[in-house]
There are 2 protein chains.
Amino acid sequence: MSRDRIVAVALEQIDRHGLAALTVREVARQLDVYPTAIYWHVPNRDALLAAVVEQTMSGVTPDLGSATWQDWLRELFVRYRKAVGQHPNVAQLVGAQLVSNANLSPLLIDRILCVLLAAGCPEDHLADMYNVVIAGMVGFVTLEFAPLPTDDSANWAAQLQERVHSIRAMEFPTLARHLPALANKAFIVRWQSGSEVPMESAFNAHVEVTIAGIERMLEAPEPANAASPRRSRGSR
Amino acid sequence: MSRDRIVAVALEQIDRHGLAALTVREVARQLDVYPTAIYWHVPNRDALLAAVVEQTMSGVTPDLGSATWQDWLRELFVRYRKAVGQHPNVAQLVGAQLVSNANLSPLLIDRILCVLLAAGCPEDHLADMYNVVIAGMVGFVTLEFAPLPTDDSANWAAQLQERVHSIRAMEFPTLARHLPALANKAFIVRWQSGSEVPMESAFNAHVEVTIAGIERMLEAPEPANAASPRRSRGSR
DNA sequence: ACCTGAACACCGTTCAAGT
DNA sequence: ACCTGAACACCGTTCAAGT
C-alpha cells in the first residue's frame with residue numbers, strides 16, 4: 001500500500017543486503033505484489049533511490065543557534081556522519097551520484113551560506129567555500145562507508161589482507177614500518193568498511209583540519225601560493 | 001585477444017556511455033566474441049572494474065623531489081583530479097566502492113607517509129593524517145564528477161533546474177540572493193556533472209583549505225576542542 | 001485509482017563441449 | 001589454451017487488461 005511503505009521496504013532491503021540488492025522486483029516480492037504494481041506509485045528505480053536518500057538525510061541540518069560557526073560546522077559534519085552511519089549503504093548514493101540532488105534541501109544550503117557569511121566570508125568566495133563545506137561533509141564519510149564488492153566479500157577481504165601483509169619491506173620501508181597502525185584502519189589498506197570498523201578518530205581529524213583550513217582561508221582569502229606572491233587583490 | 005584489449009574496451013565503454021553501460025556482454029559484442037569468452041581472461045565484472053581503476057590511476061603519485069610538503073600535496077591532488085578527469089565515470093568507483101582497493105598502490109601510500117613524517121607529523125597521528133590526505137584527494141573529485149541519473153538525463157536536468165529556480169525567496173533569502181553565483185556551479189544546486197562544467201576554483205579552494213588545515217594540525221596536534229581544554233597530552 | 005498478467009529486451013555467470 | 005553454445009536465474013520497464 002502506497003509510496004511510504006515502498007520506500008520503507010526499499011531502505012530496509014538496502015540496509016540488509018546492499019544497494020545492488022535493491023530491486024524493484026524484490027521490493028514487490030516483499031510487499032506480496034506484482035513488480036509492475038510498484039510503477040503506479042514510483043516512476044522508476046532512480047526515483048525510488050532518491051526517495052531513500054531523502055529519508056536518510058532528513059534532520060541533518062542543525063539549527064542556527066548561538067554557536068560559533070566552527071561549532072555549527074562540527075555539528076553538521078557529525079550529524080551527517082551519524083545519519084549516513086545509520087544506513088551506510090546509502091553513502092555511495094549521496095557521495096557519488098547526482099540522483100540525490102533530485103531532493104535538494106534548500107534549508108541546508110541556506111543555513112551553510114548564512115553561517116559562512118556570518119563567519120566573515122567575502123561574497124566573491126562564498127560559492128567556493130560552500131562547495132568546500134559540502135565536499136568536507138560528504139567526502140570523508142562516502143569513503144569511510146564505501147562497500148566491499150558484493151559477491152565474494154569474504155574471499156575478497158582475505159585476498160586483500162594477504163596482499164597487504166606481503167608488502168615488501170625493503171621496497172616500501174615507511175609503509176611497512178607503520179603497517180600495524182594502518183592495517184584495516186586506513187583507506188586503501190583496509191578490507192572492512194566503516195560500517196564494520198568505524199574510523200572515528202580519522203574523521204575527527206578530518207573535521208578539525210577542514211575547520212582550521214576554512215578559518216585560515218577566511219583570514220587570508222587570497223590563495224597562499226607561496227611561490228608567486230605577485231598579484232594583489234586589486235589586480236583583477 | 002587477451003586481457004589488455006578487454007580492459008581497454010571496457011574503459012572506452014565507460015567513458016562513452018557511463019558505468020552502468022559497462023556490461024560483460026557489451027564488451028564481448030565489441031570484440032566480436034561470445035560473452036562467455038571474456039570469462040577466460042577475467043574472473044568477473046568486479047575484477048574488470050578493478051583493472052579499469054588501476055589503469056586510470058597509474059602515474060598519479062608524484063616523485064619525492066625537493067618540493068615542500070605543501071607543494072607535494074598540491075601536486076598530488078591536482079594530478080589525481082586530472083587523472084580522474086580523463087575518465088570521469090570512473091570517479092564513483094574510486095570514491096565510493098572498495099573494489100578499487102584490490103589494486104592498491106603501495107607506492108602512493110608510502111610516499112604520503114614519508115611526506116607527512118618529513119612535515120613533522122607525530123607518529124601517533126600518522127594514520128589519522130594519512131586518512132585525511134586520502135579523503136581530501138578523493139572526496140571532492142568524487143563529488144565533482146558524480147554522474148547524473150542514467151536514463152532520462154535531459155529530463156532530469158530540466159526538472160532540477162526548474163526546482164532550483166523556483167526556490168521561495170522569502171523562505172530562503174540568503175540562498176535566493178546568491179543563487180546566480182551558485183546555480184549549476186555548486187554541489188546540490190547543479191544539473192550538470194563536473195565533466196561538463198568543471199569546478200576548478202572550488203577545487204583550488206578545497207586544496208588550499210586542506211593544506212592549510214593540515215599545517216595548523218601539525219603545529220598543534222591536539223584537536224582544538226575549544227570547549228573542553230581539560231586533558232593534556234600525557235593523560236592517556 | 002490501483003493492481004494483475006504477459007511480454008520485451010536485457011543482464012552476470014556456469015558448464016559442457018568443441019578446436 | 002582459448003573459444004563456442006546452450007542454459008539458468010535473474011533484471012527494469014511497457015502496456016493492455018482487469019476490478
Side-chain angles (χ1 to χ4, degrees), chain A residues 1-14 16-53 89 92-93 97-99 102 147-156 159, chain B residues 1-14 16-53 89 92-93 97-99 102 147-156 159:
Chain A
M1 20 165 56
S2 93
R3 222 185 97 109
D4 286 349
R5 286 262 293 140
I6 292 176
V7 174
V9 169
L11 183 51
E12 210 183 321
Q13 181 70 10
I14 291 177
R16 265 212 269 268
H17 302 107
L19 200 61
L22 175 64
T23 278
V24 176
R25 292 181 114 105
E26 180 58 34
V27 172
R29 236 168 267 141
Q30 220 81 217
L31 292 168
D32 253 315
V33 116
Y34 269 71
T36 49
I38 305 292
Y39 285 84
W40 198 91
H41 301 276
V42 168
N44 53 44
R45 187 176 182 265
D46 275 342
L48 186 51
L49 292 178
V52 165
V53 170
N89 296 325
Q92 38 182 331
L93 283 178
Q97 284 177 237
L98 289 188
V99 186
L148 275 52
T150 45
D151 42 343
D152 58 344
S153 53
N155 198 321
W156 179 90
Q159 266 181 276
Chain B
M1 23 166 54
S2 90
R3 222 186 96 110
D4 286 349
R5 286 262 292 141
I6 293 176
V7 174
V9 169
L11 183 51
E12 211 184 320
Q13 181 69 10
I14 291 177
R16 265 212 270 267
H17 302 106
L19 199 61
L22 174 64
T23 276
V24 176
R25 292 181 114 106
E26 180 58 35
V27 172
R29 236 169 265 140
Q30 220 82 217
L31 292 167
D32 253 317
V33 116
Y34 269 71
T36 50
I38 306 292
Y39 285 83
W40 198 91
H41 301 277
V42 169
N44 53 45
R45 188 175 182 267
D46 276 341
L48 187 52
L49 292 178
V52 165
V53 171
N89 296 325
Q92 39 183 332
L93 282 179
Q97 286 176 235
L98 290 188
V99 186
L148 276 52
T150 45
D151 42 341
D152 57 345
S153 54
N155 198 320
W156 179 89
Q159 266 181 276

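Numbered from 1 within each chain, the chains take letters A, B, ... in sequence-line order. When reading the values below, keep in mind they use all heavy atoms of this one structure, side chains included, and skip hydrogens, waters and symmetry mates.
- Rounding to the nearest 0.5 angstrom, the gap separating the CG atom in A:Asp4 from the NE2 atom in A:His41 is 11.0 Å.
- Residues A:Leu22 and A:Arg45 meet the side-chain proximity criterion, which asks for heavy atoms closer than 4.5 Å.
- In this structure, A:Trp156 and B:Leu98 have side chains that are in contact, with non-hydrogen atoms separated by less than 4.5 Å.
- When heavy atoms are screened at a 4.0 angstrom cut-off, A:Arg29 is found touching the sugar-phosphate backbone but no base atom.
- A distance of 9.0 Å separates CD of B:Gln92 from CD of A:Gln92, quoted to the nearest 0.5 Å.
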What string of B, S and - do you get for nucleotides 12-19 of chain C, 5' to 3', if B is base contact, S is sugar-phosphate-only contact and - is no contact with any protein heavy atom under 4.0 Å?
BBB-----
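- Rounded to whole Å, the separation between the C1' atoms of C:dA1 and D:dA17 comes to 15 Å.
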Where does DNA chain D pair, written as one dot-bracket string 5' to 3', with Watson-Crick or G-U pairs under 3.5 Å, ( ) inside the strand, [ ] for crossing pairs and | for another strand?
||.|||||...|||||.||
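- The two residues A:Val24 and A:Tyr39 make their nearest non-hydrogen contact at CG1-CE1, 3.6 Å.
- Using C1' as the reference atom, C:dC10 and D:dC8 are 15 Å apart when rounded to the nearest Å.
- Straight-line distance from the OH atom of B:Tyr34 to the C1' atom of D:dA7: 13 Å, rounded to whole Å.
- The distance from atom CH2 of B:Trp40 to atom P of D:dC2 is 4 Å, rounded to the nearest whole Å.
- Contact check for A:Leu19 versus A:Leu49: side-chain heavy atoms found under the 4.5 Å cut-off.
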